[in-house]
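All remarks here apply to the structure that follows.
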Amino acid sequence: MPLLDIGANLTHESFQHDLDAVLQRAQAHGIGRMIVTGASHDGSRQALALAQAHPGTLFATAGVHPHHAIDYDDATDALLRELARDPTVRAVGETGLDYNRNYSPRDVQLQVFERQLQIAVDLQLPLFLHQRDAHDDFVAMLRRYRDKVPAAVVHCFTDNGQALRDYLALDCHIGITGWICDERRGTHLRDLVREIPANRLMIETDAPYLLPRTVRPAPAHRRNEPMYLKHICEEIARDRGESPEVTAANSTATATAFFALPS
Ligand SMILES: [Zn+2]
């Protein structure tokens with residue numbers, strides 16, 4: 001079963017010089033399709049253009065990451081709405097709250113998060129969500145909109161068991177990255193990943209970030225790329241006590257349904 005990487009930042013400058021080789025390596029490792037994350041005004045436009053250049057293999061999201069919330073204005077809102085009407089865009093996001101870095105003030109993050117929630121409501125698209133050190137505000141906001149949108153994934157879930165159970169109670173999907181391979185800060189995920197029902201679990205690299213620390217041999221360049229999704233899938237399978245084939249088949253089926261992709 002080909003894997004589906006639900007979060008790859010393929011418009012990142014580190015992929016500019018060799019994207020075709022990156023995509024070829026992904027195919028060779030069994031990664032059939034990837035969702036290119038849109039995380040800023042320009043980045044969302046680029047994500048769509050990149051996906052359109054690789055029809056059937058790449059799809060995109062359109063959104064503004066909380067780090068960039070301070071740059072969100074009416075023109076951004078209009079652009080996201082325009083991009084999200086393109087059938088290649090399969091979700092609104094990356095959006096949410098990040099109180100870990102606070103690159104944008106919290107009140108601005110909240111406002112911009114809510115504006116993007118409204119886009120998902122208006123266009124009836126799934127949400128691709130980011131939450132870091134902001135669970136209480138995040139879940140309170142999400143609760144007000146959850147039943148107005150078709151689906152929502154908390155991407156790169158790294159939080160604790162209570163947060164996981166809050167999201168599952170809201171019928172959210174959960175995205176797991178190579179963070180689970182990090183012996184310094186990800187070991188709690190090895191237990192928690194067992195609590196995620198197969199039809200709510202999706203897997204992602206978040207490339208070029210979060211190179212799984214258990215990849216051997218560790219590449220010298222430290223850049224993560226979609227081909228390592230296979231490794232992440234194997235690690236998650238071991239933690240869940242199931243075969244990698246089962247994890248692959250279920251996560252791909254779940255992601256295919258979530259993003260309403262042709263099967
Ligand atoms: Zn994120």
Side-chain angles (χ1 to χ4, degrees), residues 4-15 34-44 46-47 59-72 76 80 89-104 106 108-110 112-117 119-120 125-135 137-139 141-142 151-160 163-164 166-167 172-182 185-186 189 192-193 196 200-213 223-226 228-229 232 255 258-259:
L4 205 160
D5 189 348
I6 70 155
N9 301 278
L10 296 178
T11 60
H12 191 273
E13 57 188 8
S14 65
F15 290 120
M34 289 144 262
I35 313 286
V36 183
T37 309
S40 67
H41 182 109
D42 291 343
S44 292
Q46 291 160 7
F59 297 84
T61 70
V64 170
H65 192 284
H67 288 345
H68 307 299
I70 194 75
D71 299 323
Y72 195 103
T76 307
L80 294 184
V89 171
R90 312 306 296 190
V92 173
E94 168 167 14
T95 181
L97 300 175
D98 193 313
Y99 294 171
N100 181 262
R101 304 257 173 97
N102 282 311
Y103 288 149
S104 292
R106 292 183 182 191
V108 176
Q109 289 191 38
L110 280 160
V112 167
F113 182 24
E114 188 159 21
R115 290 186 78 172
Q116 294 177 81
L117 289 168
I119 296 176
L125 281 169
L127 284 161
F128 187 85
L129 300 169
H130 172 106
Q131 185 277 114
R132 192 110 184 263
D133 294 350
H135 173 69
D137 285 358
F138 176 89
V139 79
M141 181 75 87
L142 188 56
V153 58
V154 181
H155 116 97
C156 191
F157 177 83
T158 58
D159 213 325
N160 60 31
L164 177 64
D166 285 347
Y167 300 146
C172 291
H173 287 63
I174 307 294
I176 297 289
T177 62
W179 191 289
I180 198 171
C181 306
D182 189 330
R185 55 183 186 174
L189 295 176
L192 287 183
V193 79
I196 306 171
R200 289 294 173 267
L201 172 64
M202 305 196 286
I203 60 178
E204 50 178 331
T205 57
D206 207 20
Y209 314 113
L210 303 180
L211 175 71
R213 286 171 60 86
R223 181 186 69 177
N224 195 7
E225 56 175 85
Y228 295 123
L229 190 66
I232 295 169
F258 180 89
F259 291 103

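Positions are given from 1 along the sequence. Whatever order the structure lists them in is the order used to number ligands and atoms, beginning at 1.
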### Message
I'd like to know whether Y167 forms a ring pair (Phe, Tyr, Trp, His ring centres under 6.0 Å) with F138, so could you lay out the CA-CA distance, the side-chain angles of the two residues, the decisive distance to 0.1 Å, and finally the verdict.
### Response
CA-CA 10 Å; Y167 300 146; F138 176 89; 5.7 Å; yes

(Q) Within the 3.5 Å criterion, strictly below it, is a donor on T205 or D5 matched to an acceptor on the partner's side chain? (A) yes

Q. Between D71 and H41, does any side-chain donor sit less than 3.5 Å from a side-chain acceptor?
A. no

Distance check below 2.8 Å: does D98 bring an N, O or S atom to the Zn ion (ligand 1)? no

Answer yes or no as to whether an N/O/S atom of H65 is found below 2.8 Å from the Zn ion (ligand 1).
-> no

Among the N/O/S atoms of E94, the Zn ion (ligand 1) lies closest to OE2

Restricting H130 to its N/O/S atoms, the closest one to the Zn ion (ligand 1) is ND1

Decide, yes or no, whether a salt bridge links D98 with R132 under the criterion of side-chain N to carboxylate O below 4.0 Å. no

